Amino acid sequence: MIKQFLFLLIGAVMIVSCSNCSNNSNKKNVFGNTNDTVSADSALPVAPQAVENLVQNISSPVEMAALIKSLGAPFAQKYMAPTNTDNFNTSFSKALNLGIYGADLGYLNMYNKTSSVIQYITAIKTLADGISVGQFFDFSTLKRLATNNENIDSLMYISIHSFNVMDNYLRKNNRSNLSALMIAGVYVEGLYITTQVAKERPNKKLAENIGEQKNIYEQLLLILKNYRKDPYFASLIADLETIQKELDPVKITIEVGAPISIEKDGMLTIKQTSKSIVNITDEMLKRIIKQTEIVRNKIIK
Amino acid sequence: MKNITFILAIIFLSLGYTVKAQTEAQKVEMCSKIAGQEATYVKDIIVDLPAAQGNEKIPSSKTTLILRKDNKYRVTICTDDDSPGKGYVQLFDNETMLGSSYNVSTGKEFKSFDFDCQKTGAYHFIIQFLEGKAGKAVVIISFLKKL
């Protein structure tokens, strides 16, 4: 009797312990793998120093959405991916589209469109569960905040933090390939929404921002190419390289200057005086917009 | 009796694990609140560094992030209460240091500093602890506004 009670107690403690796993990025993967088409073994050996130097935040939906909003562009549901997750049967497509929905969620949050948030967090939860990282996505809190239309700041914070925790967990548990796909998804959707806005509301600042993606794009491909032995990755890289081809003619020059530090009211501000000058023609922009549409629509199919 | 001790050990280990996990998330949340209401959280960096040994280089953590042109960012550092060393964060564009939460010449420390970014690209965040002491800290990178 005592034995049975103790076993039950251990079981209960383990369950409680795991319900908080979302907050621990260092724990080992105790969950089974899904029907993986992407194996961690597909990664090429990369020197630890190179891995350390890989950019950890290629794209954040916050900055993309803030840019669009600052230009006065209204919210448009049509820019967002449909939330039909049934088509995503592999870990590869789940991770990639998890990133796509992550960018869409950032866009929704920035425009306070809480009524649509639930369908996106539901889709995110489904895909996250599909690659065994659903425990890091605080679905119930997000749902409550969105349903009650309360505390938009918390909604934004928990959404972004959940993605960061999922990303950290994947990196630290030898599943960086899935992390790379999530990053790629966020990036492609961000670029897609930005280019769609530029298509409908031509704007010099927006065009320059799109042109500047040339530099980020190289970093993204660098990360993905680490897994190019995997045929799914090879195919994605080939698709993304078609966008890179259109970004290539964009000319970016840098004016170098020394940073300026200003201290005011106890607050330190660093002003960068080095700046980039982006030369992008209307024709270049059109081609980038077109190619981004093709690649992104292929991903969400 | 042995069995009960073993079981209790497992229970305490599990609970300890949970508490640690909660603490890490709480630290990030608290530090992002310190960044201010006007700051939108983008990324956190959690560091736990050992003390420097002898004449060796001061241990540091390096994280590379993409920052975008025409954005104002805020970098906030929160050293753990029980950390032996006080943490500081430096921002680099390639080899050039753009700014730091600690001014070496004056000894002045800042909880946060803002960065007006004029060039989209990869930036490095280097975190260290004063005098090469061991330390634990959280750094929050937040977005403030479009410039």
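Throughout, a chain's letter reflects where its sequence line sits, starting with A, and its residues are numbered from 1. Just so it is clear, the values below take in all heavy atoms, side chains as well, and ignore hydrogens, waters and symmetry mates. All figures in this text were calculated on a predicted structure; none of them were measured in a lab.
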dist A:L155:CG -> A:N109:CG (nearest 0.5 Å) comes out at 4.5 Å

Within the structure provided, determine whether B:V42 and A:I160 are in side-chain contact (heavy-atom separation under 4.5 Å). no

Whatever's closer than 4.5 Å to a heavy atom in chain B on A:K205 counts as side chain

Among residues 133-147 of chain B, those lying within the under-4.5 Å heavy-atom range of chain A are B:F143, B:K146, B:L147

Need one label for B:V28: side chain, backbone, both or neither, based on atoms under 4.5 Å from any heavy atom in chain A. both

Indicate the atoms forming the closest heavy-atom contact of A:P61 with A:G106, along with that distance. CB-CA, 3.9 Å

For the atom pair CG (B:D114) and OG (A:S261), what is the distance rounded to the nearest 0.5 Å? 11.5 Å

With a 4.5 angstrom heavy-atom cut-off, could you sort out which part of B:S32 is near chain A: side chain, backbone, both or neither? side chain

What part of B:F115 lies closer than 4.5 angstrom to a heavy atom of chain A: side chain, backbone, both or neither? both

Are A:Y187 and A:Q219 close enough that a side-chain donor and a side-chain acceptor fall under 3.5 Å? no

For the residue pair A:L247 and A:K214, what are the closest heavy atoms and their distance? O-CD, 3.5 Å

Quick check on A:E255 against chain B: is it the side chain, the backbone, both or neither that has a heavy atom closer than 4.5 Å? neither

Just give me the residue among A:M156, A:E263, A:K275 that pairs up with chain B most often, heavy atom to heavy atom, under 4.5 Å. A:E263

Kindly assign one of parallel, tilted or perpendicular to the pair A:F137 and A:F139, based on the angle between their ring planes and the thresholds 30° and 60°. tilted

Taking all heavy atoms of B:K119 and all of B:C117, pick out the closest pair and write down the distance. O-SG, 3.3 Å

Do you know which of A:L268, A:I252, A:N215 has the most heavy-atom pairs under 4.5 Å to chain B? A:L268

Mind checking whether B:R68 and A:I216 have side chains closer than 4.5 Å, heavy atoms only? yes

Just by distance, do the side chain of A:Y217 and the backbone of A:L240 share a donor-acceptor pair under 3.5 Å? yes

Which atoms of A:I254 are under 4.5 Å from chain B, going by heavy atoms: the side chain, the backbone, both sets, or neither? side chain

Could you tell me which non-hydrogen atom of B:S83 sits nearest to which non-hydrogen atom of B:F129, and how far apart they are? OG-CE2, 4.0 Å

Looking only at heavy atoms and a cut-off of under 4.5 Å, which of B:K111, B:R74, B:K69, B:K108 has the most pairs with chain A? B:K69

Can you tell if the side chain of B:D70 reaches within under 4.5 Å of the side chain of B:Q118, non-hydrogen atoms only? yes

What part of B:K72 lies closer than 4.5 angstrom to a heavy atom of chain A: side chain, backbone, both or neither? side chain

State, to 0.1 Å, how close A:Y192 and A:T195 come at their nearest heavy-atom pair, and which atoms those are. O-OG1, 2.8 Å

Considering only heavy atoms, give the residues of residues 87-103 of chain B separated from chain A by less than 4.5 Å, sorted numerically, with 'none' for an empty result. B:D93, B:M97, B:L98, B:G99, B:S100

Please give me the minimum heavy-atom distance between B:I45 and B:S61, naming the atom from each residue. CG2-OG, 4.4 Å

